[in-house]
Amino acid sequence: MAKSKERLIAVKPSGVKDESVTHLIHDLVRQIPRGRVTTYGAIAKVLGLANPRMVGKAMSQIDGKGKPVPAQRVVTSSGRLSHDTSHHRHTLLEKEGILLNGDKIVDFKKLFWDPGREL
DNA sequence: ACGCTGACTATTA
DNA sequence: CTAATAGCCAGCG
């Protein structure tokens with residue numbers, strides 16, 4: 001029996017409006033509890049995306065209008081911040097009680113919030 | 001159509 | 001720990 005790695009495919013349920021994955025990602029990110037974090041990969045997995053880069057792309061598309069999206073709670077699989085040269089997200093995270101060592105989250109494993117398991 | 005780029009990830013050295 | 005590589009896929013010129 002082959003345990004082939006089925007490549008995850010973005011499922012587009014027919015009948016569902018073309019909400020675009022970006023909106024779904026934003027909604028999911030808004031559900032991340034304060035003081036917890038998750039990863040691009042975890043979000044991608046839950047939404048059935050094959051490429052976590054798409055999640056990052058969605059974050060870069062936050063325009064500031066509508067509900068705010070706590071993108072600071074989304075980090076890389078190694079618990080590090082990405083594209084935070086101005087340390088903007090770094091500051092927000094510490095404000096939520098998350099300790100950081102440089103751009104690395106302390107106790108990332110404990111603070112990790114899995115959208116597919118705890119939600 | 002084609003090549004490059006990118007808020008990623010896993011593996012290997 | 002860092003660096004290099006490969007896989008991944010949508011968007012853009």
Side-chain angles (χ1 to χ4, degrees):
Chain A
M1 42 168 317
K3 49 163 145 263
S4 52
K5 338 167 137 180
E6 299 180 27
R7 94 181 199 279
L8 300 172
I9 306 201
V11 178
K12 186 100 76 153
S14 34
V16 172
K17 274 269 303 170
D18 192 46
E19 296 279 305
S20 87
V21 185
T22 304
H23 186 239
L24 293 177
I25 293 174
H26 289 181
D27 273 357
L28 184 54
V29 172
R30 284 190 201 101
Q31 295 172 57
I32 303 175
R34 189 177 184 281
R36 305 290 296 280
V37 295
T38 192
T39 68
Y40 298 97
I43 293 172
K45 187 174 181 179
V46 163
L47 296 181
L49 302 176
N51 193 356
R53 285 171 120 127
M54 300 296 107
V55 178
K57 199 66 161 187
M59 297 296 100
S60 68
Q61 262 135 56
I62 299 174
D63 44 30
K65 300 175 187 180
K67 307 174 191 178
V69 179
Q72 69 274 15
R73 296 178 190 152
V74 182
V75 300
T76 70
S77 62
S78 52
R80 289 181 163 281
L81 302 183
S82 289
H83 283 245
D84 190 38
T85 51
S86 57
H87 297 164
H88 172 58
R89 302 192 181 80
H90 182 293
T91 303
L92 291 175
L93 287 173
E94 290 198 316
K95 238 171 142 182
E96 299 186 355
I98 297 178
L99 286 312
L100 290 116
N101 184 356
D103 58 344
K104 168 79 169 59
I105 293 182
V106 179
D107 287 330
F108 162 63
K109 236 171 157 179
K110 290 184 193 172
L111 298 175
F112 177 64
W113 180 80
D114 187 343
R117 189 181 49 180
E118 306 189 34
L119 183 59

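Residue numbering restarts at 1 for every chain, and letters A, B, ... go by the order of the sequence lines.
- For A:D114, the salt bridge (charged side-chain N to carboxylate O under 4.0 Å, His left out) criterion is met by no residue, not counting sequence neighbours.
- Contact between the side-chain N/O atoms of A:S82 and the OP1/OP2 oxygens of B:dC8 is found at a separation under 4.0 Å.
- Contacts between residues 90-102 of chain A and DNA chain B, defined by a heavy-atom separation below 4.0 Å, involve no residue at all.
- Annotation: ring-ring contact (aromatic ring centres under 6.0 Å, His included) contacts of A:H87 (sequence neighbours excluded): A:H90.
- Shown for residues 103-112 of chain A: no residue has heavy atoms falling under 4.0 angstrom of DNA chain C.
- A:V37 places none of its side-chain heavy atoms less than 4.5 Å from the side chain of A:W113.
- Listed in residue order, the members of residues 54-70 of chain A having a heavy atom less than 4.0 Å from DNA chain B are A:M54, A:G56, A:M59, A:S60.
- Partners of A:K95 according to the side-chain contact (heavy atoms from CB on, under 4.5 Å) rule, which considers only residues two or more places apart in sequence or in another chain, do not exist here.
- Looking at A:L28 and A:V46, their side chains come closer than 4.5 Å, going by heavy atoms from C-beta outward.
- B:dT9 atom C1' lies 9 Å from atom CG of A:N51, rounded to whole Å.
- Side-chain heavy-atom separations under 4.5 angstrom define the hydrophobic clusters, and the remaining members of the one that includes A:V106 are A:L99.
- Take A:S60 and apply the side chain to side chain donor-acceptor pair (under 3.5 Å) test, not counting sequence neighbours, and it matches no residue.
- Applying the side chain to side chain donor-acceptor pair (under 3.5 Å) rule to A:E96 yields the partners A:Q72, A:R73; only residues at least two apart in sequence or on another chain are considered.
- Evaluation of atom-type donor-acceptor distances gives no pair under 3.5 Å for the side chain of A:R53 against the base of C:dG11.
- A:D27 has its side chain out of reach of A:K67: every pair of non-hydrogen atoms, C-beta onward, lies at least 4.5 Å apart.
- Proximity of residues 73-81 of chain A to DNA chain B (heavy atom under 4.0 angstrom from any strand atom) is restricted to A:T76, A:S77.
- Residues A:F108 and A:T76 are not in side-chain contact: their nearest non-hydrogen atoms beyond the backbone lie 4.5 Å or more apart.
- Put simply, CZ on A:R36 and CG on A:L93 are 13.5 Å apart, with the number rounded to the nearest 0.5 Å.
- Listed by chain and residue number, nothing satisfies the side-chain contact (heavy atoms from CB on, under 4.5 Å) test with A:H83 (two or more places apart in sequence, or in another chain).
- Not a single ring-ring contact (aromatic ring centres under 6.0 Å, His included) links A:H26 to another residue, sequence neighbours left out.
- Distance CD1 (A:I25) to C1' (C:dC9): 13 Å, rounded to an integer number of Å.
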